[in-house]
2 protein chains.
Amino acid sequence: MLPSEARWFSEVAREAGMAVSWSIESHLEHAETDYQTIDVYQTTHWGNLMVIDGFVMLTTRDNFLYHEMLTHPALFSHPDPKRVLIIGGGDCGTLSEVLKHQSVEQCTQVEIDEEVTRLAEKHFPELCQRNDDPRADLRFDDGLAWIKNQDPQSLDLIIVDSTDPIGPAEGLFGPDFVADCYRALADGGIMVQQSESPLIHQHLIRGIRDNMEKAGFSDIRTLGFPQPCYPSGWWSATQACRNGKLHPADPARFEASGLETRYYNPEVHRGALATTLP
Amino acid sequence: MLPSEARWFSEVAREAGMAVSWSIESHLEHAETDYQTIDVYQTTHWGNLMVIDGFVMLTTRDNFLYHEMLTHPALFSHPDPKRVLIIGGGDCGTLSEVLKHQSVEQCTQVEIDEEVTRLAEKHFPELCQRNDDPRADLRFDDGLAWIKNQDPQSLDLIIVDSTDPIGPAEGLFGPDFVADCYRALADGGIMVQQSESPLIHQHLIRGIRDNMEKAGFSDIRTLGFPQPCYPSGWWSATQACRNGKLHPADPARFEASGLETRYYNPEVHRGALATTLP
């Protein structure tokens, strides 16, 4: 039996036999776009909550974990990341973290659904404060097509900040897309992909790793981190390098960067890299 | 609105405005003891689930995270832990991990409610396989009184594996108990206490740390780790040392121990220690 005395939004993770629910104050938005359904709720304890096709994308309170851990380990694993591409990431939280790195000269974000970004600007403005940064290049386009049109070896870092592998994001979990990413990265370039829960999506993580291996990537590593708003509360990102190795976390470089973080630090980075699939 | 087409057990974390639910196959046990109400469910995806007074204690699938992270960082932070006391821990998962360490000569477990252990033996037998180890000393008694009767400086490690600070465990979060632990530990001895969620129980973690500081402990450290079955999926343990410092995680010592773990390793240990309260 589930609680009924308050208003709740629940995400049922059928594949995991669990559900996570938030008590809500109000339903702020409901949008049906060409790609998906987007809802925004005001919760009692988690700030605002964005939901796409019934799956929680982020809350105000805990998105820092995901955004910091998808970005900073990857950026610090590259000696000098200048040219960054984000596929997905419409809430702009990933873009915001990337642009904290002074080495970055350009960060292009290719989100298929402009409405995600418009609703983020309205309900998660703290994530969109860097959208006017001259290095930010926001495109609303299909990431699968975009990556095919990139010049070979033209990027230092590709960040795949996608929804679950259902609906418009499905192709982002396929081998062709990963091979296209490999082609677009310079030698020493890094690809990082959000890779779901180490506890309940191990088959999916193995699929991502297989795709990376088949594409030619080396030094494939899966990092674990807490992410309360996603099923199981334990999430991962999987990194890989084209013709090179991931640089280890360097406390001196982190210190020199002046980066302000709430979860990420070099020791946390190393610990996350030591995550093994249970 | 919460899912209704299946049978669910939900824990509503009112203080966090969230709920976590498990789809269940059957309700295996319902016991009302002198101390609390205990239920055991068979879930569809998480094995068995034990609930005390409506709060999830553990599931078959994910308890390894909590039990490994409550024990191994503490045991490896002491140079040679021989005499160990567990307060609470009736499911015997903590005891089982402690006894993997060959240095341990005696591990006493003081659980107030014998029924917790009897139900664990029945429904979580994998956690109770070491209960017959000659070093294991299972007592069913009040931990608050037990610790007062310990000889001063007679223990190397005290592990507080309690329920939430409501009901019988409330006193375990108070300053008097922590001061009694300090008295019972030898110099260089370590106390570790489960300390709830770094995201949603920061006030409680601060209270535990304050208690430890006031009792005279030094090197007080809070470790974070994923724990899917608890609210937010992100949990913590707080360690402290009497007249000494926590030893750093040592890969060579871990290797030599022959310990088999699913989550813990020395790099994960270091990363967990680097957790800062967000």
Side-chain angles (χ1 to χ4, degrees), chain A residues 1-25 43-46 59 61-62 64-65 68 197-200 224-235 249 261-278, chain B residues 1-25 43-46 59 61-62 64-65 68 197-200 224-235 249 261-278:
Chain A
M1 198 172 69
L2 285 158
S4 59
E5 75 275 34
R7 294 174 68 196
W8 293 89
F9 168 80
S10 296
E11 174 177 339
V12 179
R14 293 192 185 286
E15 77 281 16
M18 74 181 301
V20 187
S21 308
W22 284 264
S23 101
I24 59 176
E25 293 281 1
T43 71
T44 57
H45 290 68
W46 295 75
T59 82
R61 187 172 182 181
D62 74 341
F64 70 95
L65 291 157
E68 289 186 8
S197 167
L199 191 68
I200 61 182
F225 51 88
Q227 184 52 46
C229 77
Y230 291 162
S232 85
W234 188 17
W235 217 246
T261 54
R262 295 175 67 193
Y263 181 71
Y264 177 87
N265 63 49
E267 286 290 335
V268 162
H269 181 165
R270 289 181 192 168
L273 277 172
T275 305
T276 53
L277 295 187
Chain B
M1 198 173 70
L2 286 157
S4 59
E5 77 274 32
R7 295 173 69 197
W8 294 89
F9 168 79
S10 296
E11 174 178 340
V12 180
R14 292 192 187 285
E15 78 281 16
M18 74 181 300
V20 187
S21 308
W22 284 264
S23 100
I24 58 174
E25 293 281 1
T43 72
T44 57
H45 290 69
W46 294 76
T59 83
R61 188 173 184 181
D62 74 342
F64 70 94
L65 291 157
E68 289 185 8
S197 167
L199 192 68
I200 62 183
F225 51 88
Q227 184 52 46
C229 78
Y230 292 161
S232 84
W234 187 16
W235 218 245
T261 53
R262 295 174 68 193
Y263 181 71
Y264 176 87
N265 62 50
E267 285 291 333
V268 162
H269 180 165
R270 290 181 192 168
L273 277 173
T275 306
T276 51
L277 295 188

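So that the names make sense, note that chain A is the first sequence line, chain B the second, and so on, each numbered from 1.
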Original post:
For the candidates A16(A), C229(A), G233(A), G271(A), which exhibits the highest count of non-hydrogen atom pairs separated by less than 4.5 Å from chain B?
Top reply: A16(A)
Original post:
Which value, rounded to the nearest 0.5 Å, describes the distance between R14(B) atom CZ and S23(A) atom OG?
Top reply: 9.0 Å
Original post:
So, for W235(A) and F225(A), is the gap between ring centers shorter than 6.0 Å?
Top reply: no
Subject >> Heavy-atom pairs under 4.5 Å with chain A, option from G17(B), P266(B), P228(B), A13(B) with the top count >> reply: G17(B)
Original post:
Does any heavy atom of chain A fall under 4.5 Å from the side chain of T43(B), the backbone, both, or neither of them?
Top reply: neither
Original post:
Which answer fits F64(B), side chain, backbone, both or neither, if we ask what part of it has an atom under 4.5 Å from a heavy atom of chain A?
Top reply: side chain
**OP:** Considering only heavy atoms and a distance below 4.5 Å, find which of L273(A), T275(A), L65(A), D62(A) pairs most often with chain B.
**Re:** L65(A)
**OP:** With a 4.5 angstrom heavy-atom cut-off, could you sort out which part of I200(B) is near chain A: side chain, backbone, both or neither?
**Re:** both
Original post:
Quick one: does Y264(B)'s side chain get under 4.5 Å of H269(B)'s, heavy atoms only?
Top reply: yes
Original post:
Can you check whether F9(B) and W46(B) have ring centres sitting under 6.0 Å from each other?
Top reply: no
Subject >> Pairs of heavy atoms under 4.5 Å with chain B: top-ranked of T276(A), L199(A), L277(A) >> reply: L199(A)
**OP:** Tell me, for E11(B) versus chain A, whether the close heavy atoms (under 4.5 Å) come from the side chain, the backbone, both or neither.
**Re:** neither
Original post:
For W22(B), is it the side chain, the backbone, both or neither that has a heavy atom under 4.5 Å from a heavy atom of chain A?
Top reply: both
Original post:
In Å and rounded to the nearest 0.5 Å, what is the CE to OG distance from M18(A) to S21(B)?
Top reply: 8.0 Å
**OP:** State, yes or no, whether a side-chain contact exists between I24(B) and W8(B) at a heavy-atom distance under 4.5 Å.
**Re:** no
Subject >> Euclidean distance, E15(B) CD relative to H45(A) NE2, rounded to 0.5 Å >> reply: 7.5 Å
